[in-house]
2 protein chains.
Amino acid sequence: MGGAAAPRPNKRVTINDVARTAGVSTTAVSKVLNNAYGVSPRMQEKVRAAIAELGYRPHAAARGMRGRTYTIGVLLDNVRNAFFADILDGIREELSSTEYTVLIGAAGFEPDQQSRVIRSMVDRQMDGLILIAPGTPRPEVLATAASTPTVVIGHHDSADTHDSVADADDIGAGLVVDHLVGLGHRDIALVSAPGSKAAQWRRTPEIVLTDGYTEAMRRHGLEQHLQVHHAAYSDEGGFKAGLTLLTAERRPTAIMTGADVAALGIYRAAHELALRIPEDVSLVGYNNTALAALAPVQLTSVDQAGPDMGSAAARMLIERVEGRRDRAQRTTMTPRLVQRASTAAPRGR
Amino acid sequence: MGGAAAPRPNKRVTINDVARTAGVSTTAVSKVLNNAYGVSPRMQEKVRAAIAELGYRPHAAARGMRGRTYTIGVLLDNVRNAFFADILDGIREELSSTEYTVLIGAAGFEPDQQSRVIRSMVDRQMDGLILIAPGTPRPEVLATAASTPTVVIGHHDSADTHDSVADADDIGAGLVVDHLVGLGHRDIALVSAPGSKAAQWRRTPEIVLTDGYTEAMRRHGLEQHLQVHHAAYSDEGGFKAGLTLLTAERRPTAIMTGADVAALGIYRAAHELALRIPEDVSLVGYNNTALAALAPVQLTSVDQAGPDMGSAAARMLIERVEGRRDRAQRTTMTPRLVQRASTAAPRGR
DNA sequence: GGGGTTTTGTGAAACGTTCCCCATAAGCGA
DNA sequence: TCGCTTATGGGGAACGTTTCACAAAACCCC
C-alpha cells in the first residue's frame, strides 16, 4: 500500500495537510490564512501554493471553536416583505467582496420563534447579527448585543450596546400628509401596525410613523380629522382595515399605510366595494417596494432606500466585528415621496 | 476570592459545568442530550435539572467538530420570488417541532455565487441542504450530495446521490393549453426562462414546461402555432417579452408564462400598449403566488403546492440526515389550474 | 450461585482551528 | 565583536463536544 503519509482518500483536507505539503508548521498556515503579523513573502507563497494544490477550505466549525466563523446572521420575520429583500440586497452587496457569508433566519412573526432563531445564531457563534425590526423583547436583544455585535434595523430606540439603522418615519409620514393636504384632502386616515405591546420597544417604526402623522395633521390644523386604524402589514390585514374604514359613516377621502402590502389589501377592499382609486379614495403605501410600481397598481409610496439601509447596517456591523469601533452608532435615512397614480384631489372639491 | 470551583462570571456554561452540577460524567450529559441508548430515567432527570438550572445551551460549533450541527441550509437565488416563500413556509412548518434550525442563503442568480454559498454551507458542517432550482453546474451538486444529504427542488434530473422534489410542469403546461384551447385560442405563446446552458441540467423546470407545452399544442393539432419566447423570470423580463410578442406581426391571442412575476411584466407591457386583458389578450401565470390573487390582477395561474413541496423536501432530508433511509427518492407534485379573470375567449371568435 | 448477557456509567481520545509563548535568525549601532 | 532589538517560525495547549472502548453493576436462567 501507499506510505503512511499519503492523505486518506475520503478525508477532508485540513490545515495540517497544508502545513505538511508546504513543509511548514500549522501555526504558519494559520497566520497566512488570517494574514497575521510575522509572515515572510516566501512563506506566504509556499502556503498559498499548497492551499491551491490541495484545494483546502477552512473548517468553519473548527474556527468557531476558537475565533471567528465569518458568518453574519440576518433575522427577519417573513420573506414575503419585499422591503426586506431590498435591505438584503444592500447587505449582500456590501459583503460580497469580503470573506463573510450571510445566512438568513426567517423566524415568523411570533416573538418566541424569533428569540429561538436569535439564540440559534448565537449558538452557532456567528460573528455578527443584523436584526430587522425584531419583535423579541428588548431586554433580550440587549443581552444578545452585549456578547455579539448587533445592528438593529427599524426600531428607533437606541442603546449603547448595539448599532441602529432606521428611517425617519416621522418625516415620511409628514411628507405623505403634506402631499395629501396639498391635493385638498382633510379626512386622512392612517393604517399602521398594532404596537407590539410586551416587547418593550418604545420607538418602533409604527409608533414613530403615527407620531409623525399626528404631528403633521396638527400642523395643518386637522387634529379633529385624526383617524388611526391598526392592522397587520399583510394583504389580509389591509383588506380588513379597508372594509372597516371604507364602510364607516364618515369615510376618509385618503388612506395612508405603513406598508405597501397593506395598501394593496385596501385596494382590494375598495375594489370589492366598487370604489375607484384614486377617484373615490386616494391611497398611499410605504417602502416603495416593487409592488408599488407594479402595473396596474401604481401606488404612491414613500421610498426608504432599503438597499442603502442594508449596506449601512453591514458596514457598521463589520466595523464592530473587526474591532475598529466600540461605541454604538446610529444611522438615520431620509425618506422620499414617490408620487404615482393612486393619489389625486378628492372628488367633492 | 471565591473557591476555584465557582463558575467564572462571563464564561459560557459548558457541558462540563452541567456534568459537575449533576454529579455525573460529561459522557452521560452528552448521552442525555442526544437521547442515546443507555441512560437511566434517574440520570435523565438529574441531568435535565442541571441543564435547566444553569441555562445550558449546546455550543453548535463544538458539535460541528464531531457530530451534527442541527442546521439545515436552504439555497435559493432570490428572496423576491413569492413561490420560494411558499416553499420555505413548508420547510419551516415541517421542521418547527424539531431541534433543527433552518438558515437561508440567498445567493443571487450567478452560478458562481451559488456555488460559493453551497460551499459555505458545507464548510459550516450543515447536516443537510435543500437546493431550490440551483443554477450551479450539476456535477458540483452531485459532488456536494455525495458528502452531505441533499434535496434538489425543481429540476427533474434525478440522481442516486440526492433526493428530488419537483412539480409535474409538463402536466401543468398541458392544463393551461387545454384551458386556453377550450376557450377558443389557437395562437398561444409561451414565455419561459432561458435554459441555463453550461450547468448541465437536462430537465430543468423550463425545459419540462416547454416540452409539456409543445406536446399539448401538438395534441390539439396546433404545431404550426407554436411560439416560445425566452425571458428572465422577473417583472422586467416579462415586460420586454410582452412588448416583443404583443407588437409582433402575428400577435398571439393568449400568452402563458412560467412564473407569475413574468406575467405581471407582460401585464404592464399590455397596459402600455393599450391592450386590455383578457379582452385583447389572455394571460396565464405559473406558481399561483400571492401576486396572482392580488387585486386587480386576478391572474389565472397554475398552483404547485409550494408549501407541500417544502415540507416534502424537509421530511425527506431529515430521513436522510438521521440515516433512516439511504436510497435516493423522488417526489413529484401534481399541479392544478386556478382560473381567474385574466383568461377569456378570444375576441374575434 | 455460576456463567452469561444486558444495562448503565466513565475516561480519554479525537475533531480542526487559533494563539500564547518561546526559540532562533537577522539586522544594527557602537 | 558584543549586546540589543526586531522579524520570523514553531510547539503545544486550549476550545466544547461526541464517541470508542471498556468497567462495573444488575439481571437472568438454569
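Here is the naming used below: chain letters follow the sequence lines, and residue numbers restart at 1 for every chain.
- Salt-bridge annotation for R80(B) and D86(A): present, with a side-chain N of the basic residue lying under 4.0 Å from a carboxylate O of the acidic one.
- Note: CZ (R20(A)) to P (dG9(D)) measures 20 Å, nearest angstrom.
- For the helix from dG1(C)-dC30(D) to dA30(C)-dT1(D), the axis fitted to the five pairs at one end and the axis fitted to the five pairs at the other end meet at an angle of 30° (nearest 10 degrees).
- What separates CD1 of I15(A) from P of dC15(C) is a distance of 15 Å, to the nearest Å.
- Between the OH atom of Y37(B) and the C1' atom of dT18(D) there is a distance of 19 Å, rounded to whole Å.
- One can place CZ of R12(A) at 8 Å from P of dG16(C), the figure rounded to the nearest angstrom.
- When distances are taken from the side chain of T26(A) to each of dT10(C), dT17(D), dT18(C), the shortest belongs to dT18(C).
- The shortest distance between the side-chain N/O atoms of N16(A) and the OP1/OP2 oxygens of dG16(C) is not below 4.0 Å.
- Both V39(B) and V29(A) lie close to DNA chain C; mapped to their nearest nucleotides by heavy-atom distance, the more 5′-ward contact belongs to V39(B).
- Inter-residue side-chain proximity for E110(A) and T136(A) is flagged as unmet; no heavy-atom pair is nearer than 4.5 Å.
- Residues M333(B) and D308(B) have side chains in contact (heavy-atom distance under 4.5 Å, counting atoms from C-beta outward).
- In this model, the phosphate group of dG16(C) is not approached by any side-chain N or O of T14(A) to a distance below 4.0 Å at OP1 or OP2.
- The ring-ring contact (aromatic ring centres under 6.0 Å, His included) test applied to Y56(B) returns no partner, not counting sequence neighbours.
- The base of dC19(C) sits within donor-acceptor range of the side chain of T27(A), with an N or O pair under 3.5 Å.
- Put simply, CE on M65(A) is 12 Å from C1' on dT18(D), counting in whole angstrom units.
- Atom CZ in R66(B) sits about 16 Å away from atom P in dA12(C), given to the nearest Å.
- Proximity of Y70(B) to the phosphate of dT18(D): no side-chain N or O atom is located under 4.0 Å from OP1 or OP2.
- When the side-chain nitrogen and oxygen atoms of S40(B) are compared with OP1 and OP2 of dG9(C), one or more of them lie within a distance under 4.0 Å.
- Residue R324(A) places its CZ atom among more than 12 non-hydrogen atoms of other residues, nucleotides or ligands, all under 6.0 Å distant.
- Take the nearest nucleotide of DNA chain C for H59(A) and for V24(B): the residue whose nucleotide is more 5' is V24(B).
- Nucleotide dC15(D) holds its P atom 13 Å from the CD atom of Q125(A), rounded to whole Å.
- G64(B) approaches Q125(B) most closely through the heavy-atom pair O-NE2, 3.4 Å.
- Across the interface with DNA chain D, nearest-nucleotide mapping of R42(A) and A62(B) shows R42(A) to be the residue nearer the 5′ end.
- Applying the 6.0 Å contact sphere to CD of E93(B) captures no more than 12 heavy atoms from other residues, nucleotides or ligands.
- Atom pair E99(A):CD and dT17(C):P shows a separation of 13 Å (rounding to whole Å applied).
- Salt bridge annotation for E319(A)-R325(A): present, with a cationic side-chain nitrogen under 4.0 angstrom from a carboxylate oxygen.
- Contact annotation: R63(A) side-chain N/O to dT18(C) OP1/OP2 distance is under 4.0 Å.
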